[in-house]
Amino acid sequence: MSNEAKAVLEEEYEHSAVPKSARKSALSVSLVWIGFPMIITATVTGAAIVTALGFWQGMLAILLGNLILFGYVGTLGVLSTKKGYNFSLQSAITFGKKGSRLVSGLLSTLVIGWFAVQTGLTGSNMSEAFGTNFYIITLIAGILYIAVTLLGVKALTYIGAISAPFFFILGCWAVSEAVSASGWSSITSFTGNHSLTLGIAVTMVVALFIDSGSMTGDFNRWSKNGKESLIATFTAFPVANMIAMVFGGLIAASASQNSDFFLYIAAKGGFVSILAIILLFLNLGSVCSHCLYNGAVGWSSLLGKKMRPVAIALGILGTILAISGAWNHFISWLNLLGIIVPPIGAVIIADQFFLRKHADISESIRYKAFVAWGIGALAGLLTEFYAPSLSTAFIAMLAGGISYMALSFSASRASSVEQVG
């Protein structure tokens with residue numbers, strides 16, 4: 001590879017820790033994160049929550065969900081920064097090298113589903129707003145998003161630096177117009193249709209980024225220290241994600257004909273419609289490139305390959321899924337992620353933050369971690385069916401972490417008794 005190519009396509013450290021010399025500034029890692037959740041999809045989620053719960057309760061759900069994400073993703077990020085490990089290597093400490101293949105493989109596959117959903121939404125939104133051909137636009141979007149991902153983590157920084165400010169400026173304009181048309185009192189008194197409980201709404205917020213949030217090591221391993229890692233996470237949760245969700249909630253509460261953020265802007269026509277198209281591709285391109293990067297880093301680590309060829313293969317698969325209509329299962333996808341993913345990160349936190357702070361990669365399968373993951377997922381499933389007013393994601397997270405600590409203490413006590421005997 002030429003020196004010019006190396007300057008553009010820098011080393012991604014798929015199979016080893018990121019050395020201190022390659023770590024990036026707090027601003028650089030923050031830009032990677034801030035461009036991820038400040039997206040149209042988050043405005044759709046915020047609008048759905050406020051439409052269901054009403055303005056104030058909806059804002060409470062958005063706040064609670066983002067605080068949970070900050071605690072969860074922030075802690076995992078600090079742990080990954082400590083060793084410079086991506087998620088695949090980080091999970092191998094807790095689940096074992098062989099066991100992590102299942103964990104990392106699952107999340108790296110699920111996140112490609114997110115790539116498919118967001119790529120499909122690009123085509124769907126363009127078709128609904130302007131009558132364009134869904135299949136052609138989705139294919140073009142998929143190709144563009146794959147191309148961005150091939151530039152690596154550097155591209156995630158650049159697209160975040162462009163996408164987030166553009167979204168914020170356009171969002172402020174759209175919200176100010178919606179508020180001036182309806183009035184603050186009308187918006188804040190919006191009561192919603194009561195189609196969701198507070199717990200389910202919180203789960204929707206958490207589930208929106210629980211997969212890539214669990215794989216935060218892929219991003220935060222580039223931070224220089226734990227403080228800078230936490231700052232970068234904070235720019236995403238609660239800041240960027242809340243801004244996007246609040247924008248969506250405000251437009252929904254204004255009783256606008258189009259509560260969908262993109263459709264609301266696109267309907268203005270003229271030059272504003274052009275800005276809406278740019279926003280759509282920048283915005284969903286940001287989340288797609290992040291998701292594809294997560295999936296490519298994970299699978300390249302598992303397969304012993306380089307990130308870029310894997311990104312091309314996964315991107316093609318994700319684009320095919322998008323064209324097939326995977327984006328239609330958006331809410332179902334959120335519910336699934338809210339049950340099975342949170343316990344994984346919680347078990348890692350319990351193990352590496354509380355119990356085994358200096359542990360490194362274990363060659364064998366660590367069965368306690370899998371049992372705790374199963375208990376957490378089961379608790380989430382039971383909550384979904386028998387206590388829907390509670391947050392499935394939070395209960396699953398809590399149950400997974402606590403059960404891992406209980407299993408570890410039980411095993412430690414049994415070992416002590418044997419030694420005394």
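- The stretch residues 292-306 participates, sequence neighbours left out, in these salt bridge (Lys or Arg N to Asp or Glu O under 4.0 Å) pairs: E11-K306, E14-K306.
- For S289 against V148, the heavy-atom pair with the smallest separation is CB-CG1, 3.9 Å.
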Would F234 and W33 count as a ring-ring contact (aromatic ring centres under 6.0 Å, His included) here? Give the steps. CA-CA 9 Å; F234 184 79; W33 264 121; over 10 Å; no

Trace of the side chain to side chain contact (heavy atoms under 4.5 Å, CB included) decision for R308 with E12: CA-CA 9 Å; R308 292 177 177 89; E12 293 296 330; 3.6 Å; yes

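- To the nearest 0.5 Å, atom CZ of residue F219 and atom OG of residue S229 are 12.0 Å apart.
- Taking CE from M204 and CG from L196, the interatomic distance works out to 6.0 Å, rounded to the nearest 0.5 Å.
- Judged purely by atom type and a 3.5 angstrom limit, S28 has no side-chain atom pairing as donor or acceptor with the backbone of S25.
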Begin with the C-alpha distance, continue with both residues' side-chain angles, and end with the deciding distance and a verdict on side-chain hydrogen bond (donor to acceptor under 3.5 Å, both in side chains) for N193 and S195. CA-CA 6 Å; N193 57 28; S195 58; 2.7 Å; yes

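- Residue W114 comes nearest to C291 through the heavy atom pair CB-SG, 3.6 Å, listed as atom of the first residue, atom of the second, then distance.
- Heavy atoms of other residues, nucleotides or ligands lying less than 6.0 angstrom from CZ of F166 number more than 12.
- Of the possible donor and acceptor atoms, none in the side chain of S389 sits under 3.5 Å from a partner among the backbone N and O of T197.
- The shortest distance between side-chain heavy atoms of I137 and S127 does not fall below 4.5 Å.
- The environment of CZ in F130 is crowded: more than 12 heavy-atom neighbours from other residues, nucleotides or ligands sit within 6.0 Å.
- Between the side chain of S108 and the backbone N or O of G105 there is no donor-acceptor pair closer than 3.5 Å.
- The distance from the CD1 atom of I34 to the OG atom of S163 is 10.0 Å, given to the nearest 0.5 Å.
- Using a distance-only test at 3.5 Å, with no hydrogens or angles considered, a donor-acceptor pair links the side chain of T122 to the main chain of Q118.
- Counting only heavy atoms from C-beta outward, the side chains of M307 and W299 never approach each other to under 4.5 Å.
- The main-chain N or O of S212 is never found under 3.5 Å from a side-chain atom of T216 such that the two would form a donor-acceptor pair.
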For H194 and L53: C-alpha separation, side-chain torsions, deciding distance, then whether side chain to side chain contact (heavy atoms under 4.5 Å, CB included) applies. CA-CA 5 Å; H194 309 292; L53 296 180; over 6 Å; no

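- R366 places none of its side-chain heavy atoms less than 4.5 Å from the side chain of F95.
- Proximity of N283 to M38: side-chain heavy atoms (C-beta onward) are nowhere separated by under 4.5 Å.
- Contact between A201 and I49 at its shortest, heavy atoms only, is O-CD1, 3.6 Å.
- Taking the centre and axis of the six-membered ring of Y264, the NZ or CZ atom of K268 falls inside the cone set by 45° and 6.0 Å.
- Of all the heavy atoms in A322 and G120, the pair that sits closest is CB-N, 3.6 Å.
- Among all heavy-atom pairs drawn from P343 and A377, the shortest one is CG-N, 3.6 Å.
- Atom OG of S100 is separated from atom CD1 of I365 by 9.5 Å, given to the nearest 0.5 angstrom.
- Between F247 and F261, the ring planes are parallel. Angles under 30° get that label, and only those over 60° would be called perpendicular.
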Let me see the working for Y85 and N220 under side-chain hydrogen bond (donor to acceptor under 3.5 Å, both in side chains), right down to the final yes or no. CA-CA 9 Å; Y85 282 175; N220 290 58; over 6 Å; no

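- When atom types are taken as modelled, the side chain of S189 and the backbone of S185 share a donor-acceptor pair closer than 3.5 angstrom.
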Could you please spell out the steps behind the salt bridge (charged side-chain N to carboxylate O under 4.0 Å, His left out) verdict for E228 and R23? CA-CA 11 Å; E228 292 189 3; R23 302 293 180 96; over 6 Å; no

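- Side-chain N or O atoms of W373 include none that pairs as donor or acceptor with a backbone N or O of V347 at under 3.5 Å.
- Within a 6.0 Å sphere centred on NZ of K357, other residues, nucleotides and ligands contribute 12 heavy atoms or fewer.
- For the atom pair I316 CD1 and I112 CD1, the distance stands at 12.0 Å (nearest 0.5 Å).
- Annotation for A379 and A399: closest pair CB-CB, 3.5 Å, computed over non-hydrogen atoms.
- With contacts defined as side-chain heavy-atom distances shorter than 4.5 Å, the pair F87/S104 qualifies.
- You'll find the ring centres of F36 and F237 outside the 6.0 Å limit.
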Run the numbers on L275 and I265 for side chain to side chain contact (heavy atoms under 4.5 Å, CB included), then give the verdict. CA-CA 9 Å; L275 292 177; I265 299 172; 5.7 Å; no

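- You'll find the side chain of D351 stays beyond 4.5 Å of the side chain of I348, heavy atoms only.
- Between the T132 side chain and the M126 main chain, a donor and an acceptor come within less than 3.5 Å of each other.
- Side chains of E384 and T392: a donor on one and an acceptor on the other come within 3.5 Å.
- Inter-residue side-chain proximity for R221 and Y13 is flagged as met; some heavy-atom pair is nearer than 4.5 Å.
- F394 has its side chain out of reach of V206: every pair of non-hydrogen atoms, C-beta onward, lies at least 4.5 Å apart.
- Rounded to the nearest 0.5 angstrom, L31 CG and K24 NZ are separated by 11.5 Å.
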Verify side chain to side chain contact (heavy atoms under 4.5 Å, CB included) between D218 and H290, making sure each step is shown before the conclusion. CA-CA 10 Å; D218 294 348; H290 280 77; over 6 Å; no

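- The backbone N or O of G345 sits less than 3.5 Å from a side-chain atom of Y72, completing a donor-acceptor pair.
- Side chain of S362 to main chain of G96: no donor-acceptor pair is present (N/O by atom type, distance under 3.5 Å, no hydrogens or angles).
- Counting non-hydrogen atoms of other residues, nucleotides and ligands closer than 6.0 Å to CZ of F281 gives a total above 12.
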